[in-house]
Amino acid sequence: MCMKTADLCDVFSEQLSICEQPFQIYGKKKNFFGKIRTVRCLNDNVLVKEALETIEAGEVLVVDGGGSKKVALMGDNLAAIAVKRKLAGVIVFGCIRDSKEINQMDIGVFALGTCPLKSMKLGEGDRDQILTFGGIKWKPGQFVYCDEDGILVSESVLNL
């Protein structure tokens, strides 16, 4: 069960960072929460796939693609890995592709939009580092709460 971001803001506003970047929502899950794991990459999704294959069930992968809309950093094959491994969701500061297929999957994906072009496969970037976009810092180990109203980040698990 995921709590509404509006309700969390009503109770915990002083403890939250609110993402200022608007995202499109894909997949069947419109809300999700979990511990943050991170990847930073630009137009290259090798580390995205590696992270999806190794992070724990229930975690949220946050991908800083630099806001690039030149290529997609995730498509239906990578989304299927997230579903199979029972990840809570994926946030991509960049684009995805195969949105029609992803919209039929039991996963939540927030992304800037879509692009049909696949990414490069160079393996460049880094994992589990602090990311900065949307007006906040995304630290591995923090918790993220996502729904149709927005994205919140907290240092700890929140309970209403």
> For the side-chain contact (heavy atoms from CB on, under 4.5 Å) test, which of Lys139, Gln142, Gln15 pairs with Val153?
Replying inline: Gln142
> Is Leu61 linked to Ile36 within one hydrophobic cluster, defined over Ile, Leu, Val, Met, Phe, Trp and Tyr using a side-chain heavy-atom separation of less than 4.5 Å?
Replying inline: no
>> Connecting only ILVMFWY residues whose side-chain heavy atoms lie within less than 4.5 Å of each other, what is the rest of Met120's hydrophobic cluster?
In response: Leu122
>> Would you compute the distance between atom CD1 of Ile107 and atom CG of Leu87 and round it to the nearest 0.5 angstrom?
In response: 6.0 Å
> Atom CG in Leu42, atom OG in Ser119: separation rounded to 0.5 Å?
Replying inline: 10.5 Å
> Val60 and Leu52: same hydrophobic cluster, using ILVMFWY side-chain contacts below 4.5 Å?
Replying inline: no
>> Strictly by ring-ring contact (aromatic ring centres under 6.0 Å, His included), give each pair with a member in residues 41-66 just once, sequence neighbours left out.
In response: none
>> Going by ring-ring contact (aromatic ring centres under 6.0 Å, His included), name the pairs with one or both residues in residues 75-118, residues two or more places apart or in two chains.
In response: Phe32-Phe110, Phe93-Phe133
> With sequence neighbours excluded, what pairs up with Phe12 under the ring-ring contact (aromatic ring centres under 6.0 Å, His included) test?
Replying inline: none
>> Quick check for you: to the nearest 0.5 Å, what is the distance between Leu112 atom CG and Ile91 atom CD1?
In response: 11.0 Å
> What pairs with Thr5 under side chain to side chain donor-acceptor pair (under 3.5 Å), at least two apart in sequence or on another chain?
Replying inline: Asp147
> Does Asp64 have any side chain to side chain donor-acceptor pair (under 3.5 Å) partners at least two apart in sequence or in another chain, and if so, which?
Replying inline: none
> Out of curiosity, Leu158 CG to Leu152 CG, how far, rounded to the nearest 0.5 Å?
Replying inline: 8.5 Å
>> Please list all pairs meeting side chain to side chain donor-acceptor pair (under 3.5 Å) that have one or both residues in residues 80-105, counting only residues at least two apart or in different chains.
In response: none
> Of the non-hydrogen atoms in Phe143 and Ser156, which two are nearest, and what is the gap between them?
Replying inline: CD1-C, 3.6 Å
> Are Val109 and Val48 linked, directly or through other ILVMFWY residues, by side chains that come within less than 4.5 angstrom of each other?
Replying inline: yes
>> Using every non-hydrogen atom in the two residues, find where Gly94 and Ala111 come nearest and quote the distance to one decimal.
In response: O-CB, 3.7 Å
Extract all donor-acceptor atom pairs below 3.5 Å that involve side chains of residues 67-83 and protein atoms in other chains or at least two apart in sequence.
{"residue": "Ser68", "atom": "OG", "partner": "Asn43", "partner atom": "OD1", "Å": "2.7"}
{"residue": "Ser68", "atom": "OG", "partner": "Lys70", "partner atom": "N", "Å": "3.2"}

> Taking it one step at a time, do Val144 and Ile151 satisfy side-chain contact (heavy atoms from CB on, under 4.5 Å)?
Replying inline: CA-CA 7 Å; Val144 63; Ile151 300 173; 3.5 Å; yes
>> Are Trp138 and Val90 linked, directly or through intermediate hydrophobic residues, by side-chain heavy-atom contacts shorter than 4.5 Å (ILVMFWY only)?
In response: no
>> Just verifying a value: how many Å separate Thr38 OG1 and Glu59 CD, rounded to the nearest 0.5 Å?
In response: 11.0 Å
> Closest approach of Val39 and Cys41, non-hydrogen atoms and distance?
Replying inline: CG1-SG, 4.0 Å
>> Test question: given the 4.5 Å side-chain rule for I, L, V, M, F, W and Y, name all other residues clustered with Val46, or answer none.
In response: none
Do any side-chain atoms of residues 16-29 form donor-acceptor pairs under 3.5 angstrom with protein atoms, and if so which ones, sequence neighbours left out?
none

> Restricting to pairs with a member in residues 123-136, which pass salt bridge (Lys or Arg N to Asp or Glu O under 4.0 Å), not counting sequence neighbours?
Replying inline: Arg37-Asp128, Arg40-Asp126, Glu50-Arg127
> Once you round to the nearest 0.5 Å, how far does CE of Met3 lie from CZ of Phe33?
Replying inline: 5.5 Å
> Which pairs, with at least one residue in residues 51-72 and sequence neighbours excluded, count as a ring-ring contact (aromatic ring centres under 6.0 Å, His included)?
Replying inline: none
>> Looking at every non-hydrogen atom in both residues, tell me the closest pair between Ala6 and Asp149 and how far apart they are.
In response: CB-OD2, 4.2 Å
